[in-house]
Amino acid sequence: MKVYNTANRKKEEFNSINKGIVNMYVCGPTTYNLIHIGNARPLVVFDAFRNYLTSLGYQVNYIQNFTDVDDKIINKAKDEGIGPLELAAKYIAEYTKDAESLRVKKATFHPKVSENIDEIIEFIANLISKGFAYEIDGDVYFDVKNYKPYGKLSGKNTDDLKAGARVNVDDKKTSPLDFALWKNVKEGEINWISPWGKGRPGWHIECSTMSMKYTNSPTLDIHGGGQDLIFPHHENEVAQSEAYTGAPFVKYWMHNGFITVNKEKMSKSLGNFFLVREILEKFSGEVIRYFLLSTHYRNPIDFNDGALLESEKSLTKLMTGYSNLEKLLNDSTENQEDILLEEFKQIEEKIEKALQDDFNTALAFSYFFDGSKIITRAINENKYSKEGVERAYNIFNKYLVDILAVLPFEKIESKEDDSSDSEVFKKVMDILVNVRNTARKDKNFAYGDLIRNELAKLDIDIIDTKEGSTWKRK
RNA sequence: GGCGACGUGGCCAAGUGGCUAAGGCAGAGGUCUGCAAAACCUCCAUCCCCGGUUCAAAUCCGGGCGUCGCCUCCA
């Protein structure tokens with residue numbers, strides 16, 4: 001399998017450090033709000049990738065942190081008049097609901113900053129003793145000038161960075177590039193006792209500390225996250241970790257591309273973000289998941305209502321193929337010929353090839369559309385055997401149900417139908433449908449069409465099927 | 001200013017040296033159904049521009065134009 005490694009900016013053959021085991025860390029959310037679709041992307045991408053690694057036989061130790069100590073949490077908690085950890089706990093619970101809706105499985109570990117303070121303090125103390133960090137007035141900063149390779153991950157050199165750095169007047173650090181490992185307590189803030197007085201951890205240190213603690217290893221196989229974390233977050237993680245252990249921190253860095261809205265980056269600061277919770281009112285989690293996986297994970301995706309609608313239609317097509325297979329499972333017809341066995345053998349090979357090539361889920365999906373076509377052809381031409389059906393069904397289950405986890409799914413029907421229409425209205429509609437069907441039975445189609453056309457003007461569709469006629473709002 | 005990504009049919013999106021440039025959406029034609037809807041079948045691009053390398057380039061190199069991102073909390 002090949003994986004694109006941000007550290008070298010090329011695809012590399014993937015080999016885990018310890019045979020059969022993959023230690024994988026993905027930066028999780030800061031829990032002060034409901035997650036938005038941009039947060040959902042790494043969640044879904046790396047969840048699916050973890051599933052894929054598992055299917056290859058790896059035992060995946062998957063770690064995703066919750067940042068529950070942070071300025072944004074502290075500020076919001078103050079506004080709401082509750083403790084910061086209480087606020088974080090609330091949003092961790094909300095996060096879990098959204099993750100489940102998106103079919104994201106739990107990580108092996110979900111460590112929280114607040115539960116790893118001792119380890120963080122120890123980590124920082126070690127950096128100070130090695131000369132990679134210094135304390136000033138209760139703050140501790142990482143000393144970038146003492147760590148020569150700084151910038152190697154993000155491809156920046158320290159001279160350029162210094163030239164472009166903004167000077168923060170409040171900072172006591174000696175270089176603008178230095179970053180906080182420990183922050184001295186401010187009046188009324190949550191804090192812990194440390195050798196440098198009361199305070200709390202800086203942002204970057206948690207990931208280094210917790211990844212080592214929960215893998216029991218200085219080097220991760222895979223570290224994932226959004227591209228915007230490359231600098232400074234991941235750069236700083238590398239610096240502090242390698243300064244601490246002397247060993248490489250990460251073997252493969254994987255970064256997902258952004259979600260854009262109207263071609264502009266979606267971000268909290270721009271305010272143009274969409275909450276997963278809101279989207280789930282209109283589209284099922286599987287549709288969102290499909291949307292996120294239908295583009296290669298490193299490319300940007302533009303988010304809009306139309307895109308999700310398109311994803312829903314596409315996924316419906318795959319669902320039709322899957323449903324057809326389920327019907328065939330109970331079919332005892334004995335056919336002379338079978339095309340499924342051979343076709344799906346080839347399809348599985350192509351899917352594996354796609355996923356082996358830097359997890360190309362977009363390409364993998366396309367083969368399932370081909371597969372769905374072949375299933376209908378097999379049905380139409382009576383060319384399916386029990387074995388062939390089972391094989392196809394297993395492949396659908398393996399990839400679309402288990403790994404990519406976009407099937408089965410149900411469309412979210414617009415809720416307005418049920419909630420806003422009165423009982424009287426529904427009864428009147430039933431009468432109209434009955435009147436129309438009576439006319440149709442009498443072959444008075446002109447009269448029936450009149451009713452349907454008039455209703456269409458009110459954005460109400462009448463749909464005739466073998467089982468009867470139904471109506472729905474457009 | 002420094003670093004980086006990208007530019008493929010109406011829209012979305014794979015493909016990074018070589019069979020007829022995947023797939024989805026939309027559109028067109030058809031099968032089916034009283035008609036319509038749904039479903040199914042068929043059709044629909046030479047890859048931003050210019051130059052170069054090569055027997056051969058969307059794919060490599062150089063230049064240009066354009067879009068976007070990082071350099072500041074952010075997935």
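Naming convention: chains lettered A, B, ... in sequence-line order (proteins, then strands); numbering from 1 in each chain.
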Scanning all shown strands, the Watson-Crick or wobble mate of B:rG1 with both distances under 3.5 Å is B:rC71

Any ion pair linking A:R103 and A:D47 (charged N to carboxylate O, less than 4.0 Å)? no

Give A:R298 one of three labels, base, sugar-phosphate or nothing, depending on what nucleic acid heavy atoms sit under 4.0 Å from its own. nothing

Measure the distance from CG on A:L293 to P on B:rA75 and round it to the nearest whole Å. 19 Å

Measure NZ/A:K265 against P/B:rU67 and give the value in whole Å, please. 19 Å

How far, in whole Å, is B:rG30 from B:rC49 if one measures between their C1' atoms? 41 Å

Mind checking ring-ring contact (aromatic ring centres under 6.0 Å, His included) for A:F283 and listing every partner two or more places apart, or none if nothing turns up? none

Judged by nearest nucleotide, the residue sitting upstream toward the 5' end of RNA chain B, A:I462 or A:D357, is A:D357

Under 4.0 Å, counting only non-hydrogen atoms across every strand here, what does A:I259 touch: a base, just sugar-phosphate, or nothing? base

Without decimals, in angstroms, what is the distance between A:I230 CD1 and B:rA5 P? 11 Å

So, A:K156 and A:E235, do they make that salt bridge, N to O below 4.0 Å? no

With no angle test and no hydrogens, is the base of B:rG34 tied to the side chain of A:R440 by a donor-acceptor pair under 3.5 Å? yes

Got a salt bridge between A:D70 and A:K183, using NZ or NE/NH1/NH2 to carboxylate O under 4.0 Å? no

Does B:rG10 have a Watson-Crick or wobble mate here (both distances under 3.5 Å), and if so which one? B:rC25

Taking the C1' atom of each, how far is B:rU67 from B:rG24, in whole Å? 24 Å

Report yes if at least one side-chain N or O of A:N299 is closer than 4.0 Å to OP1 or OP2 of B:rA14; otherwise report no. yes

Distance between C1' atoms of B:rG62 and B:rU53 (Å, rounded): 11 Å

Euclidean distance, atom CG of residue A:D228 to atom C1' of B:rC73 [Å, nearest integer]: 10 Å

Examine B:rC68: is either OP1 or OP2 under 4.0 Å from a nitrogen or oxygen in the side chain of A:T260? Give yes or no. no

Give me the distance, rounded to whole Å, that separates B:rU20 from B:rC6 when you measure between the C1' atoms they each carry. 28 Å

Under 3.5 Å, is there an N or O donor on one side and an acceptor on the other linking the side chain of A:R377 and the base of B:rC40? no

With rounding to whole Å, what would you report as the distance between B:rA56 and B:rG18 at their C1' atoms? 6 Å

Going by the rule ring-ring contact (aromatic ring centres under 6.0 Å, His included), which residues pair with A:Y399 if we only count those two or more places apart in sequence or in a different chain? none

Any side-chain N or O of A:K11 under 4.0 Å from OP1/OP2 of B:rU16? no

Between P of B:rC35 and CD of A:E454, the distance in whole Å: 22 Å

Any strand counts, and the cut-off is 3.5 Å on both contacts for Watson-Crick or G-U wobble. Which nucleotide pairs with B:rU53? none

Could you give me the CA-CA distance, side-chain angles and deciding distance for A:E100 and A:T96, then say whether side-chain contact (heavy atoms from CB on, under 4.5 Å) is met? CA-CA 6 Å; A:E100 277 172 11; A:T96 305; 3.9 Å; yes

Can you tell me how far C1' of B:rC73 sits from NZ of A:K76, to the nearest Å? 15 Å

Tell me what A:D464 touches on the nucleic acid: a base, only sugar-phosphate, or nothing, going by heavy atoms under 4.0 Å. base

Find the partner of B:rC40: check Watson-Crick (N1-N3 plus N6-O4 or O6-N4) and G-U wobble (N1-O2, O6-N3) distances, both under 3.5 Å, and reply none if neither fits. B:rG30

Pairing residues for A:F179 by the ring-ring contact (aromatic ring centres under 6.0 Å, His included) criterion, not counting sequence neighbours: A:F142, A:H204

Of the nucleotides B:rA37, B:rC70, B:rA75, which one has an atom closest to the side chain of A:F231? B:rC70

Checking side-chain hydrogen bond (donor to acceptor under 3.5 Å, both in side chains) between A:Y384 and each of A:D338, A:D331, A:N324, which is the one that passes? A:D331

Quick note, side-chain hydrogen bond (donor to acceptor under 3.5 Å, both in side chains) partners involving residues 358-375 of chain A, not counting sequence neighbours, are A:H296-A:D358, A:Y297-A:D358, A:R298-A:D358

When you measure from the side chain of A:R452, which nucleotide among B:rG4, B:rA75, B:rA36 comes out closest? B:rA36

Looking at the side chain of A:H36, which of B:rA37, B:rC71, B:rA75 is the nearest nucleotide? B:rA75

Mind checking if A:H296 touches a base, just sugar-phosphate, or nothing, with heavy atoms under 4.0 Å? sugar-phosphate

Side chain A:N360 and base B:rG15 donor-acceptor under 3.5 Å: no

Under 4.0 Å, counting only non-hydrogen atoms across every strand here, what does A:G257 touch: a base, just sugar-phosphate, or nothing? base

How far, in whole Å, is B:rG23 from B:rC40 if one measures between their P atoms? 15 Å

Distance between C1' atoms of B:rC60 and B:rC55 (Å, rounded): 16 Å

Could you pull out every donor-acceptor pair under 3.5 Å between side chains of residues 441-454 of chain A and any protein atom, sequence neighbours left out?
unit_1 : atom_1 : unit_2 : atom_2 : d
A:N444 : OD1    : A:Y447 : N      : 3.3
A:N453 : ND2    : A:D449 : O      : 3.1
A:E454 : OE2    : A:K457 : NZ     : 3.1

Would you kindly give the NE2-to-P distance between A:H223 and B:rA75, to the nearest whole Å? 13 Å

Does the B:rA75 base have a donor-acceptor partner in the side chain of A:R41 within less than 3.5 Å? no

Base, sugar-phosphate, or nothing for A:G155, non-hydrogen atoms under 4.0 angstrom? sugar-phosphate

Work out how far the C1' atom of B:rA22 is from that of B:rG4, and round it to whole angstrom. 28 Å

Sugar-phosphate atoms are those with a prime plus P, OP1 and OP2; base atoms are the rest. Using that split, label each nucleotide of nucleotides 21-26 of chain B B, S or - for protein heavy atoms under 4.0 Å, 5' to 3'. -BSBSS

Side chain of A:R50, backbone of A:M24: donor and acceptor closer than 3.5 Å? no

Tell me the interatomic distance from A:H234, atom NE2, to B:rG4, atom P, rounded to whole angstroms. 19 Å

Sort out the partner of B:rC35 for me: Watson-Crick or G-U wobble, both distances under 3.5 Å, none otherwise. none

